[in-house]
Protein chains: 2
Amino acid sequence: MEQSPTKDRIIRTALRLFESCGYSRVSVDQIVKESGTSKGGFYHNFTSKDELLYMIHDFCVTHALEKAEEAIERHDNAKEQLRGIIRSFVLLFDTYQSHLAIFNEESLHLSREYLKKIEGKRDRYKRLLHQVIEEGVKNGEFRSNSNVTIVTMAVLGMINWIYKWYRPDGDFSLEEIADIYTDFVMNGLLPE
Amino acid sequence: MEQSPTKDRIIRTALRLFESCGYSRVSVDQIVKESGTSKGGFYHNFTSKDELLYMIHDFCVTHALEKAEEAIERHDNAKEQLRGIIRSFVLLFDTYQSHLAIFNEESLHLSREYLKKIEGKRDRYKRLLHQVIEEGVKNGEFRSNSNVTIVTMAVLGMINWIYKWYRPDGDFSLEEIADIYTDFVMNGLLPE
DNA sequence: CCGATCAGACCGACCGGTCGGTACCGCGTG
DNA sequence: CACGCGGTACCGACCGGTCGGTCTGATCGG
């Protein structure tokens, strides 16, 4: 991520503004003013406001993908792989909560070409999770009557949703949330 | 919902447009043109574009709340109450998928006063679900080491997320999804 | 004829993006 | 060292167009 300091400042400012007001409510003028640069400075570093949005999207989905692939490689059974994916995804909110909030709320504003790239990576992530769960069901690690497709979406949903309610200064750390989520996904609510 | 036909047409058109382009990318002119009315007609029925957005939000959260309260009243044990809440929430996507998509993506664009009303109802919904799970843990229907707060958010997340991927003409009906979700929430992935 | 409903021209604010210009830095040359 | 030169980073006035909202009337049922 070794970028010019101005570019970095613009991105950080934009993250904050987009997260609290929404992409389309924040003008380039506002980003420029609050990041201490100028229109010229902005368009020197980005070809358009859209490209800035794309870069924010790309940061976090790329990172998430890498972490998930790592988790799969590091373990050789579905249970541990799934635990690793959940854990790495949840921990992503430590550094990327703003990114993820924007990722989940502003994807409609990406232009077609940008959207295609992002969706490609998101689908790869989805497929990864699907494969792990599927493998677990096949080899008996997971219950055989689990519906892989829907459970995959359920897990994705419960984690993606975290950006809506997690606060770094709240009652639960991301480590704790990851543990509780894993336990919930594995065991459900009913007692033995 | 007994409204003037014009108002109804405007809302239906707006739902479609907001869902596919995002609130702030759709102009009043566009809504007006596609719903076959005029600026005058629009501003006769709504005080502002914001109010239209608020009404869309209010429709679905009010409905969801009613259904959840019904489910709780109809059953006397936490397990059935939870099943009822999940089921009624999932089935909401049948008539309110557009509403829910907008509800989840465009809440940042609500003005402060509208936002407060909506958040009040959303919090009530959250508290309802929390109470049911809490009760189940207390009376032994659910595992005692379930973390109620986080599990509540997990369940909310996995259901709210449905608007991102559910398609009425897809492989799964909402009834099936509700059943799979309930089973997943109750039993998790691991076999006995 | 009165109020409800709607038509559409119009307004002023705002917004993304452009463009001509400036400041500065490293480098080769005399 | 002085000087000029090319290139990079940045500045900010400005432009064309869009948007939410207003206003003056027209239409019509009762």
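Every chain is numbered from 1, with letters handed out A, B, ... down the list of sequences.
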Under 3.5 Å, side-chain donor or acceptor atoms of residues 64-78 of chain B against the rest of the protein: list the pairs with distances, not counting sequence neighbours.
residue : atom : partner  : partner atom : Å
B:Glu69 : OE2  : B:Arg124 : NH2          : 3.4
B:Asn77 : OD1  : B:Lys79  : N            : 3.3
B:Asn77 : OD1  : B:Glu80  : N            : 2.8

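- Contact footprint of chain B on DNA chain D: nucleotides with an atom under 4.0 Å from a non-hydrogen protein atom, first to last in 5' to 3' order, D:dC19 to D:dT22.
- If you take CD on A:Glu141 and CD on A:Glu135, they are separated by 7.5 Å, rounding to the nearest 0.5 Å.
- In terms of the side-chain hydrogen bond (donor to acceptor under 3.5 Å, both in side chains) criterion, A:Tyr54 has no residue partners (sequence neighbours excluded).
- At a threshold of 4.0 Å, the pair B:Glu113-B:Lys116 does not count as salt-bridged, since none of the basic side-chain nitrogens sits closer than that to a carboxylate oxygen.
- Proximity of residues 101-113 of chain B to DNA chain D (heavy atom under 4.0 angstrom from any strand atom) is not detected for any residue.
- The stretch residues 16-36 of chain B touches DNA chain D through B:Val26, B:Ser27, B:Val28, each having a heavy atom under 4.0 angstrom from the strand.
- Heavy atoms of A:Lys49 sit under 4.0 angstrom from primed sugar atoms or phosphate atoms, though from no base atom.
- Heavy-atom neighbours of B:Asp171 CG from other residues, nucleotides or ligands within 6.0 Å: at or below the threshold of 12.
- The side-chain hydrogen bond (donor to acceptor under 3.5 Å, both in side chains) search around B:Ser107 returns none, not counting sequence neighbours.
- Using modelled atom types and a 3.5 Å distance limit, the side chains of A:His57 and A:Tyr114 yield no donor-acceptor pair.
- Of the charged side-chain nitrogens involved, none lies within less than 4.0 Å of a carboxylate oxygen, so that B:Asp123 and B:Arg127 do not count as a salt-bridged pair.
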